Amino acid sequence: MSEPLRCRAPAVPVQLIDDDKVRVIRWEFEPGAETGFHRHGWLYVVVPMMDGTLLIEYPDGTTSTSVLKAGVAYHRVAGAEHNVVNSGTAPLHFVETEVKAFPG
């Protein structure tokens with residue numbers, strides 16, 4: 001499936017850590033900015049740095065809305081596929097940590 005033509009500004013990923021165990025990225029979104037469709041290869045945790053609202057678009061054309069609260073973390077399993085859009089009227093930043101390894 002090819003990605004539909006988009007006219008949104010891109011969200012800005014700022015890589016903080018990328019090693020053999022984790023990848024940590026701060027995502028910076030202006031209002032209306034998007035990540036573009038992507039698939040998560042690992043379990044990941046998101047910690048919003050401010051309150052905001054995200055529109056989540058899925059490959060099958062469905063959508064959902066996520067209301068973020070500053071400091072309230074959530075996680076998703078590996079394999080999540082989506083496009084993430086700041087649907088609010090203010091800039092939005094969150095820190096995403098993808099877990100690459102589970103040492104015992």
Side-chain angles (χ1 to χ4, degrees):
M1 177 176 146
S2 65
E3 183 176 339
L5 180 62
R6 298 285 179 196
C7 296
R8 297 177 181 136
V12 177
V14 178
Q15 186 171 293
L16 304 175
I17 300 171
D18 192 3
D19 61 24
D20 62 332
K21 300 207 177 3
V22 297
R23 177 182 298 148
V24 181
I25 297 173
R26 182 179 65 242
W27 282 95
E28 301 175 353
F29 293 77
E30 289 299 318
E34 68 179 354
T35 59
F37 276 94
H38 60 281
R39 181 181 187 279
H40 289 269
W42 303 290
L43 173 144
Y44 66 100
V45 177
V46 171
V47 181
M49 299 172 71
M50 56 199 54
D51 293 353
T53 305
L54 297 175
L55 170 68
I56 313 299
E57 299 176 327
Y58 301 99
D60 66 2
T62 61
T63 63
S64 65
T65 299
S66 292
V67 177
L68 304 183
K69 296 293 179 190
V72 178
Y74 66 90
H75 75 281
R76 299 287 183 264
V77 297
E81 292 185 72
H82 52 225
N83 180 33
V84 178
V85 182
N86 177 0
S87 59
T89 58
L92 175 63
H93 299 173
F94 60 74
V95 174
E96 175 183 273
T97 301
E98 294 180 296
V99 181
K100 297 179 182 181
F102 294 94

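Here the structure is a predicted model, which is why all the values come from computation and not from measurement. Excluded from the calculations below are hydrogen atoms, water molecules and symmetry mates; all remaining heavy atoms, backbone and side chain alike, are included.
In this structure, T97 OG1 and I25 CD1 are separated by 9.0 Å, a value rounded to the nearest 0.5 Å. Here the straight-line distance linking atom NE2 of H82 with atom CD1 of I56 works out to 6.0 Å at 0.5 Å rounding. Interatomic distance, L54 CG to N86 CG, rounded to the nearest 0.5 Å: 6.5 Å. To the nearest 0.5 Å, atoms OG (S64) and CG (L55) are separated by 7.5 Å.
Put simply, the side chain of S66 does not reach to within 4.5 Å of the side chain of T53, judged on heavy atoms. With contacts defined as side-chain heavy-atom distances shorter than 4.5 Å, the pair T89/P31 does not qualify. Using a 4.5 Å heavy-atom cutoff, the side chains of M49 and R26 are in contact. At a threshold of 4.5 Å between non-hydrogen side-chain atoms, the residues L92 and L68 count as touching. With a 4.5 Å cut-off on side-chain heavy atoms, E34 and V84 do not count as touching. Within the 4.5 Å cutoff, the side chain of I17 has no heavy atoms near those of the Q15 side chain. Between N83 and H38 there is no side-chain heavy-atom pair separated by less than 4.5 Å. W27 places a side-chain heavy atom less than 4.5 Å from the side chain of E96.
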Candidate pair E57 and V85, rule side chain to side chain contact (heavy atoms under 4.5 Å, CB included), full reasoning | CA-CA 8 Å; E57 299 176 327; V85 182; 4.2 Å; yes
Go through the steps for V95 and V24 under the test side chain to side chain contact (heavy atoms under 4.5 Å, CB included), then give the verdict.
-> CA-CA 7 Å; V95 174; V24 181; 3.6 Å; yes
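Of all the heavy atoms in W42 and R23, the pair that sits closest is CZ3-NH1, 3.4 Å. Taking each heavy atom of P91 and M50 in turn, the nearest pair found is O-SD, 3.2 Å. Contact between T35 and A11 at its shortest, heavy atoms only, is N-CB, 4.3 Å.
A distance below 6.0 Å separates the ring centres of F94 and F29.
Hydrophobic clustering, with ILVMFWY side chains joined whenever heavy atoms are under 4.5 angstrom apart, keeps Y58 apart from V67.
Counting non-hydrogen atoms of other residues, nucleotides and ligands closer than 6.0 Å to NE2 of H75 gives a total of 12 or fewer.
Ion pairing of E98 with K100 is absent here, as no side-chain N (NZ or NE/NH1/NH2) approaches a carboxylate O to less than 4.0 Å.
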